[in-house]
Amino acid sequence: MEYVIEMLNIRKEFGNFVANDNITLQLRKGEIHALLGENGAGKSTLMNVLFGLYQPEGGEIRVRGKKVAITDPNVANELGIGMVHQHFMLVENFTVTENIILGNEPTKGGSLNISAAAKKVAELSKQYGLNVDPYAKIEDISVGMQQRVEILKTLYRGAEILIFDEPTASLTPQEIMELITIMRKLIKEGKSIILITHKLQEIMDVSDRVTVIRKGKGIGTVITSESSPEELASLMVGRQVIFKTEKGPAHPTDEVLAVKDLVVTDSRNVEKVKGLNLSVRRGEIVGIAGIDGNGQSELIEAITGLRKTKSGSVSINGKDITNKRPRQVTESGVGHIPQDRHKHGLVLDFPIGYNIALQTYYQKPLSKGGIIDYKAIDRFAEQIIEQYDVRTQGAHEPARALSGGNQQKAIIGREVERDPDLLIAALPTRGLDVGAIEFIHRRLIEQRDSGKAVLLISFELDEVMNVSDRIAVIYDGAIIDTVKPLETDEQELGLLMAGHSRKEAAAMQAEEGDDKHVQ
Amino acid sequence: GSGNDDASKDNGKKEGGGEKTSEFSVAMVTDVGGIDDKSFNQAAWKGIKEFGEANDMEKGDGGYDYLQSAGEEDYIPNLNALARRDFSLVFGVGFMMQDAMDEIASQQKDTEFAIIDAVVDQPNTASILFKEQEGSYLAGVAAALMTESKKVGFVGGMENEVIHRFESGFVAGVKAVDPEIDVDVQYAGAFDKAETGKTMANRMYSSGVDIIFHAAGGTGNGVFSEAKERKSADPDANVWVIGVDSDQYDEGAVGDTNVTLTSMLKRVDVAVEDIAKRAKEGDFPGGETHVYGLDEDGVDLADSRGAIPEEVMTKIEDYKEKIKSGEIEVPEYPEGKEPKK
Amino acid sequence: MSFLEILYFMAPVSIAYAAPLIFTALGGVFSERSGVVNIALEGLMVMGAFIGILFNLFFYDTFGSWTPWVALIAAMIVSAVFSLLHAVASITFRADQVVSGVAINMLGLAVALFLTKMIFDKGQTDFIKKAIPNFNIPVLQDIPVIGPMLFKGVYGSSILAIVAAFVAWYVIFKTPFGLRLRSVGEHPMAADTMGIHVNRIRYIAVVISGALAGIGGAIYSQTMTRDFGHATINGQGFMALAAMIFGKWHPIGAMGAAIFFGFAQALAVVGPSIPIIKEIPTGYLHALPYILTILALAGFIGKATGPKASGKPYIKGSR
Amino acid sequence: MTSMSNRMINILVPVISVILGLLVGAIVMVVSGYDPVKGYIALWNGIFGDSYAIGETIRQITPYILAGLAVAFAFRTGLFNIGVEGQLIVGWFAAVYVGAAFDLPKVIHLPLAILAGAAAGALWAFLPGLLKAKMKIHEVIVTIMMNYVALYVVNALIKTWSGGGDKTERIKETASLRSDFLASITDYSRLHYGIILALLMVVLMWFLLEKTTTGFELKAVGFNENASEYAGMKIGKNIILAMVISGAFAGLAGAMEGLGTFGNMYTRGGFTGIGFDGIAVALLGANTPLGVIFGAVLFGSLKYGALNMPNAAQIPEEIVQIVIALVIFFVACGYAIRLLLSKISKKKEAK
Ligand SMILES: Nc1ncnc2c1ncn2[C@@H]1O[C@H](COP(=O)(O)OP(=O)(O)OP(=O)(O)O)[C@@H](O)[C@H]1O
Ligand SMILES: Nc1ncnc2c1ncn2[C@@H]1O[C@H](COP(=O)(O)OP(=O)(O)OP(=O)(O)O)[C@@H](O)[C@H]1O
Ligand SMILES: [Mg+2]
Ligand SMILES: [Mg+2]
């Protein structure tokens with residue numbers, strides 16, 4: 001069986017920190033090869049080495065049996081290696097087409113031939129069922145669409161070997177399904193894929209083999225069909241992992257968050273939340289299920305004071321906080337794990353310690369009379385890092401240097417430690433490994449059990465089903481229905497999220513012409 | 001450390017008024033305009049060089065020399081440096097140096113100082129002023145007699161007392177010949193904005209002015225550029241510039257014609273040589289103020305190279321005599337611009 | 001002056017004033033679009049102004065009436081080479097781009113003045129015999145109103161500047177190079193993953209900015225002063241920087257801004273013959289152009305944000 | 001071990017840069033036929049030669065420290081204050097005005113005059129800050145314009161105040177920073193107490209940025225406005241505050257000139273240049289308070305000491321300027337040297 005890619009005993013250091021320690025990965029032609037590892041295990045680093053962004057300190061790379069030195073992404077491109085990066089490599093204010101052709105642009109008489117390029121892009125996107133608009137600006141399109149643009153970039157360059165670094169982390173279930181079909185198409189076309197994902201089910205569904213790494217060291221490669229999620233998880237974490245988070249019944253008491261007839265517009269002044277009503281009580285976790293772009297972001301931003309509301313009211317513990325400044329909101333007992341950790345969650349150039357103090361730096365004991373006590377901040381940070389198992393070289397390391405998962409843990413630690421009456425968790429487990437997910441889910445439930453109200457926004461049906469006590473389905477800016485996890489199933493939920501009423505849903509499920517794909 | 005000691009030694013000597021190097025030596029400090037500003041700095045240096053060469057002195061210590069000032073903060077160190085190098089006479093050029101000169105003169109009591117364009121009241125300092133208004137008056141007369149459009153212009157750099165003397169003299173001269181002629185006066189606010197000078201000249205020429213007198217240093221370059229542009233576009237164009245400080249004939253060259261009518265000379269060199277000579281001979285006019293006007297050859301008109309016909313020149317000569325004889329008293333300040341205090 | 005006279009006067013003057021700024025600002029656009037802050041425009045302009053005069057003086061006999069134009073090319077080349085200093089420092093040596101710029105500004109002036117001293121043995125060069133001419137455009141100049149405003153006494157350099165602005169627009173927004181240039185200034189890592197030589201593009205951009213600033217300087221000295229001295233270029237480079245930002249890093253915008261500056265300057269000059277402005281005492285009138293600019297910004301220009309990666313050296317593999 | 005060598009490198013880099021700059025400067029001198037040894041001896045003496053030189057050098061460094069702080073402080077909040085020049089000019093005027101117009105006991109007069117300078121600078125920076133905060137108008141262009149406005153408006157004010165004259169009245173003794181003591185120990189140099197104020201301001205900036213919640217917020221906003229807003233900070237307030245503080249530093253630099261070096265103010269034909277040099281000073285010092293001292297000492301010494309090169313070694317002004325520019329340039333290119341050093345030290349470790 002021939003290997004298209006062989007990475008042998010790769011070693012990569014950052015300063016005196018070893019991110020990859022003798023890792024070996026062999027990719028067969030035509031296979032989907034999963035790369036599994038905890039947050040910070042070194043997956044992205046390994047792939048960046050393969051793509052020529054990092055130069056390894058040791059080991060060798062063979063492409064189709066030939067030893068190569070990938071000194072530059074050019075070289076990777078020439079070798080037919082394409083990569084879809086964990087953090088997208090897209091120029092925000094360029095159009096889809098511009099981003100795709102960048103680097104080898106078709107020209108007519110010296111000037112860009114956009115129309116021709118756009119046509120080719122459209123064809124490709126049709127061929128692989130990506131349906132992207134060649135003329136759309138990146139900053140205006142959904143994350144899922146951006147994802148597909150990244151894929152198109154590699155295809156446009158005729159890549160034979162595709163690297164997907166956590167492609168599904170930021171996708172909605174629908175989008176994930178589409179992506180999987182796309183990957184299958186690609187394999188049919190004779191391409192080979194390395195897939196990084198934390199979602200074991202996906203690995204089981206699509207991959208042929210799995211290479212597992214732990215804390216920078218290669219653990220080994222297993223054949224998917226001969227393995228199981230449980231085995232993979234324990235290989236990756238080095239211990240047993242419980243999947244379905246155990247939790248007792250909820251005992252909701254008095255109301256904490258009350259949203260009444262809320263109307264919110266987005267930055268383009270389009271109404272995104274249209275007269276929404278929502279109530280979260282102490283001792284319960286309310287999950288908001290919905291497809292991306294149905295007003296979730298605007299709802300959160302309105303509650304937390306990051307966006308002005310048009311009409312309606314928001315109150316915490318009966319106190320009206322409509323259009324109050326973010327700090328007033330936080331101080332009235334709201335904790336917020338933001339959806340975009342790089343944009344809102346962290347000051348990437350600050351030490352992780354400062355970031356952990358970002359909400360409380362001005363309060364005792366971290367500061368007195370306007371003077372900050374940095375020792376206290378360090379102590380506090382160390383404690384969070386300890387408790388929330390943030391993998392970092394210390395409180396003074398810049399947040400930027402942490403892996404995505406660990407950045408998220410730090411944020412959650414920061415917000416939960418303030419022990420707010422209402423904890424808003426927006427996509428809290430995006431990009432996290434199973435261990436971390438399990439950990440965070442437990443924290444959310446702890447909050448609930450200690451009599452706090454928790455509002456969970458997630459695109460992951462199983463997450464919503466597992467963690468919430470009540471599920472509020474949001475569609476087109478309004479809560480169209482509220483269901484109990486035990487009284488529904490993913491399919492019904494899916495239909496509700498698509499805007500059908502519960503009756504319709506029941507009807508559609510009854511008739512056996514069940515179409516798996518939810519439109 | 002040791003540097004400290006010999007410094008205090010050196011200074012002690014000065015305070016103690018110990019005898020100086022027998023040889024007479026002279027030096028100057030430029031203002032921010034720099035040594036070759038085509039204006040008073042350059043003229044002063046010319047005077048010092050000629051004096052030095054005349055008395056076969058060497059450039060450098062014990063002979064003649066100059067120091068440039070990059071900014072106002074350099075005046076004092078520069079004056080001080082020259083005093084410490086035991087120059088017998090040190091010139092400070094420009095009214096901007098007034099305070100600096102005052103401070104140093106009071107410290108370096110046995111060095112002789114002289115300042116151009118300002119008055120410093122110190123026993124060891126001679127103050128040199130010029131009657132720019134007298135020379136400008138003649139420029140005004142010339143302009144008035146030469147203008148065909150009965151419109152003439154004045155472009156000033158920054159508004160200060162010296163430039164005001166140029167303006168007031170020029171206007172007075174024009175009016176003396178023909179009160180009907182109107183004088184278009186405008187200030188650029190700086191001595192280094194050629195583009196503004198050019199635009200102003202452009203405006204004036206477009207509005208019918210045919211002769212512009214500039215007292216604007218580098219800004220005046222723009223005035224010349226505009227005149228030359230018009231001249232080269234149309235050789236018959238009747239546009240003239242009257243130069244300032246030094247003979248600006250070269251600036252006016254356009255092909256084989258020239259737009260420079262004449263220049264108002266400010267003979268700083270004459271004054272400098274004069275004071276230097278007196279200092280060398282031992283009757284340095286310390287504490288006095290010397291005002292150089294037409295009578296002292298401190299100001300004058302440059303040779304017009306035929307641009308001004310003979311009969312006009314003779315008329316101008318008459319006015320010159322009247323001023324010298326004191327029959328005409330040229331106002332120092334433009335109307336409405338007399339200092340309030 | 002009547003209103004129309006004022007217009008006839010101000011329009012050409014504004015454009016003439018703008019020409020050097022347009023070229024230099026375009027240079028700024030190229031450099032900053034590629035992510036390299038170029039505060040060195042001033043120094044590059046000085047070089048251009050000096051070389052323009054120098055060449056004009058020495059080669060008048062060779063090129064005759066074409067001299068000023070050839071001089072522009074000479075200035076362009078020398079300033080381009082000179083700008084490599086800024087490129088090496090801020091791209092290869094990852095120097096702080098602003099400090100490097102400040103150093104270039106000091107160096108440019110010092111070198112130019114030093115050479116002037118060496119060659120002419122005085123503080124300023126001789127006067128050039130042949131400056132950039134202005135002329136009336138036949139036919140067009142006879143169009144009522146527009147004619148006298150736009151087509152009388154036009155400088156070749158002004159036409160060149162306006163053409164250059166449109167060419168720059170074409171290059172930056174319509175060619176592969178432009179696409180790469182902008183990508184490098186917005187998201188260098190993305191560009192790098194697409195196989196674009198980030199640093200090479202930036203080098204080229206900086207060199208272009210040098211070339212354009214050189215032309216700008218040479219136009220200024222060959223129209224406004226006709227000689228070169230320490231005060232020939234003073235602040236125009238920074239005004240060009242302002243024009244670039246005013247124009248939101250867009251070639252046409254920069255051109256508009258430069259022309260606006262020219263307009264404001266001209267307004268201050270004709271001020272004494274304009275009703276309201278007449279009232280302003282001269283002292284304060286000098287500040288008018290700059291106050292007008294601020295008002296214009298606050299009034300109808302508003303928000304402007306530069307290229308995202310501007311000012312940051314590109315370091316591989318840094319997150 | 002490595003951290004040790006890192007600290008070493010951090011100290012070595014600027015030193016080596018300066019030396020390199022001087023070396024290339026020497027080459028320039030040789031090529032143009034001057035004696036670099038004589039030249040640099042003159043430079044050295046110009047800076048440290050005697051108590052007078054030392055006094056004047058310190059005097060020259062003082063405004064550079066403050067101008068550097070002004071630029072650095074703005075940069076730390078993500079703002080480019082290129083308007084220090086103008087803020088300095090208005091500060092100078094305001095300080096002189098208060099210093100001359102009132103009769104007060106020194107304990108009140110001097111502080112009042114200094115504060116006036118700071119306030120004027122702060123006011124001049126407030127407008128760009130406001131426009132940036134409220135309308136997102138780029139501060140660079142506004143501050144450039146404000147420089148010219150300051151220049152011409154102050155000139156006009158001096159005229160009006162002095163009744164058509166070219167300079168203001170001299171400040172009263174009670175408002176002066178100069179002292180007979182300092183003059184006597186430095187052989188009549190213009191060294192004044194401003195240096196102490198400047199150093200105090202260095203400490204103040206350090207304290208503000210590194211110790212206070214305000215500094216924490218300013219830095220956060222400088223790095224990431226979205227996250228700062230999320231964390232409840234007021235973006236607009238911080239931007240304006242940063243500009244105002246920066247302007248106050250600049251205004252103080254002006255006050256140093258007005259109350260220390262000159263004691264009055266002349267109408268100006270152009271800018272002082274201190275404000276623009278302040279940009280380099282700040283960035284050479286990596287926008288840290290201590291770094292600013294380094295940058296200011298470098299700039300101030302070179303600038304003042306250079307005066308002595310034509311004086312004592314007959315080296316023309318222009319060459320001196322070239323040398324200064326080269327030094328700045330090489331210090332800016334510190335990274336190259338850093339690279340070299342770290343390679344060397346790596347080799348050492350390998351052995
Ligand atoms: N440029 C860098 N500089 C310093 N440290 C880095 C850098 N890039 C990665 N690291 C460190 O190397 C380790 C591996 O990072 P990497 O991003 O490869 O992890 P990962 O497996 O992709 O994690 P995740 O699943 O969260 O994406 C992490 O501890 C991270 O902090
Ligand atoms: N046009 C040029 N003129 C002079 N030197 C250049 C030029 N282009 C590139 N260089 C030098 O060669 C180096 C590598 O150039 P290149 O274009 O490969 O940059 P890059 O590809 O972005 O960087 P890397 O090669 O590390 O990815 C640059 O850092 C620069 O120092
Ligand atoms: Mg990763
Ligand atoms: Mg490359």
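By convention in this document, chain letters (A, B, ...) are assigned in the order of the sequence lines, proteins followed by strands, and residues within each chain are numbered from 1.
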Given heavy-atom pairs under 4.5 angstrom as the criterion, report whether the side chain, backbone, both or neither of [X] touches chain B.
X	answer
Y155(C)	side chain
K122(C)	both
V269(C)	both
K117(C)	side chain
T223(C)	backbone
Y8(C)	neither
P20(C)	neither
D227(C)	side chain
T282(C)	side chain

Determine whether [X] and [Y] make a side-chain contact, defined as any pair of heavy atoms from C-beta on separated by less than 4.5 Å.
X	Y	result
N258(B)	R305(B)	no
D269(B)	F51(B)	no
F170(B)	V185(B)	no

State, without any angle test, whether [X] and [Y] hold a side-chain donor-acceptor pair at a distance under 3.5 Å.
X	Y	answer
Q248(B)	H214(B)	yes
E167(B)	Y187(B)	yes
Y64(B)	E50(B)	no
N78(B)	D74(B)	no

Please check this pair: side chain of E148(B) against backbone of D210(B), looking for a donor-acceptor N/O pair closer than 3.5 Å. no
Chain B interface, residue from N136(C), V13(C), I132(C) that has the most non-hydrogen pairs under 4.5 Å: V13(C)
Chain B contacts, top residue of K129(C), Q124(C), M10(C), Q265(C) (heavy-atom pairs, under 4.5 Å): Q124(C)
Y290(C) and F261(C) aromatic centres sub-6.0 Å: no
Relative to chain C, which of [options] shows the most heavy atom pairs under 4.5 Å?
options	answer
K198(B), Q186(B), M200(B), E195(B)	E195(B)
S232(B), G222(B), A188(B), G255(B)	A188(B)
E226(B), K193(B), E251(B), E159(B)	E251(B)

